Amino acid sequence: MMSDFELDQNSIILGEREYAMTLDTVISEAQQQLLIFDQDFSIGDFASTKRFELINAFLSKSRASELTIILQASDFFTTQCPRLFGLLTTFGHKMTVYETNSHAKIAKDCFILADNKSYIRRFHIDQARFKYALDDIETTASLANRFDELLQETAQTISATKLGL
């Protein structure tokens, strides 16, 4: 999807810029489903207009598109990503954001899965080392199982609306 940017798939890649650009590629690949696990969205340009536009385009693409996000901490998302957070208002019927419980906060990697076939995985949040593939069903299935396990360790759902009196 990127014209000036080409990195070898299935090899370890270094660099924050490369990571952010590859996130764009994987998100752009998604047609029906995006699964995102991240510490707090503070790394990877999630507060940027470009990331918002890509995720908005994905959610607008199809009636069946679905986005599920698991964060270890939601403060950055709710306060520093207003455009992305605002998508919960528009697409609350097809976008769900969870925060993990304390047991899952020990995980230090993060990953995005697109349509059960493409992925990007950052090995440790503190290091700009990652791997991605656009057609790797086997690795994506393994990460999807991990995502399901993390989903079992969620403590709360993040909402765009305040409930109460």
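Quick note: numbers below take in every heavy atom, side chains included, and nothing from hydrogens, waters or symmetry partners. Everything numeric in this text was worked out from a predicted model, so none of it was measured.
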Any link between F37 and L34 through a network of hydrophobic side chains (Ile, Leu, Val, Met, Phe, Trp, Tyr) touching at under 4.5 Å? no
Between Q33 and A64, is there a donor-acceptor pair closer than 3.5 Å when you use the side chain of the first and the backbone of the second? no
Start with the C-alpha distance between T140 and L143, add both sets of side-chain angles, then the distance that settles side chain to side chain contact (heavy atoms under 4.5 Å, CB included), and finish with yes or no. CA-CA 5 Å; T140 304; L143 288 170; 5.7 Å; no
In Å and rounded to the nearest 0.5 Å, what is the CZ to CD1 distance from R121 to I112? 13.5 Å
Using the ring of F46 (Phe, Tyr or Trp, six-membered ring only), decide whether R51 places NZ or CZ under 6.0 Å from its centre and within 45 degrees of its axis. yes
Please check if atom NZ in K50 has more than 12 non-hydrogen atoms from other residues, nucleotides or ligands closer than 6.0 Å. no
Atom of K131, atom of Y119 and distance for their closest heavy-atom approach: O-CE1, 3.6 Å
Which of I137, D136, T139 passes side chain to side chain contact (heavy atoms under 4.5 Å, CB included) with K117? Answer is I137
Hey, is CD1 on I106 packed in by over 12 heavy atoms from elsewhere, all under 6.0 Å? no
Scan L67, I55, N56 and name whichever one has a side chain to side chain contact (heavy atoms under 4.5 Å, CB included) with F91. N56
Do V97 and I70 sit in one hydrophobic cluster, given that two such residues count as connected whenever their side-chain heavy atoms are within less than 4.5 Å of each other, even indirectly? no
Over 12 foreign heavy atoms within 6.0 Å of NE2, H103: no
Minimum heavy-atom separation for C110 to I125, with atom names? SG-CD1, 4.1 Å
Let's go through K94 and S65 carefully: what are the C-alpha distance in whole Å and the side-chain angles of both, what is the deciding distance for side chain to side chain contact (heavy atoms under 4.5 Å, CB included) to 0.1 Å, and is it a yes or a no? CA-CA 7 Å; K94 54 176 29 184; S65 60; 2.9 Å; yes
Separation between OG1 of T22 and CD1 of I27, rounded to the nearest 0.5 Å: 11.0 Å
Could you verify whether a donor N or O on one side chain and an acceptor N or O on the other, from S48 and D45, lie under 3.5 Å apart? no
Do D38 side-chain atoms and L71 backbone N/O form a donor-acceptor pair below 3.5 Å? no
Could you tell me whether the side chain of D115 and the main chain of Q31 form a donor-acceptor pair under 3.5 Å? yes
R146 and D109, any side-chain heavy atoms less than 4.5 Å apart: yes
Just checking, any donor-acceptor pair under 3.5 angstrom between side chains of E29 and S118? no
ILVMFWY network linking F111 to L54, side-chain heavy atoms under 4.5 angstrom: no
What one should report as the nearest heavy-atom pair of R83 and A47 is NH2-O, 2.8 Å
In Å and rounded to the nearest 0.5 Å, what is the CD to CD distance from E16 to Q127? 10.5 Å
Might you point out which heavy atoms bring F76 and D40 nearest each other, and give the distance in Å? CB-O, 3.3 Å
Heavy-atom pair of closest approach, residues R122 and Y19: NH1-CD2, 3.3 Å
Can you check whether Q72's main-chain N or O pairs, donor with acceptor, with K105's side chain at less than 3.5 Å? yes
When clusters are formed by joining ILVMFWY residues with side-chain heavy atoms under 4.5 Å apart, either directly or through shared neighbours, do F130 and L134 land in the same one? yes
F85 and S159: which non-hydrogen atoms are nearest, and at how many Å? CZ-O, 3.5 Å
4.5 Å side-chain heavy-atom contact, L150 and Y98: no
Counting distance only, does the side-chain N/O of K61 pair as donor-acceptor with the main-chain N or O of A30 below 3.5 Å? yes
Is there a path of hydrophobic side-chain contacts, each under 4.5 Å between heavy atoms of I/L/V/M/F/W/Y residues, joining I69 to I120? yes
Hey, what do you get for CD (Q80) to CG (D75), rounding to the nearest 0.5 Å? 10.0 Å
Using atom types as modelled and distance alone, determine if a side-chain donor or acceptor of T90 lies under 3.5 Å from a backbone N or O of L87. no
Checking the side chain of R129 only, and the main-chain atoms of I12 only, is there a donor and an acceptor separated by less than 3.5 Å? no
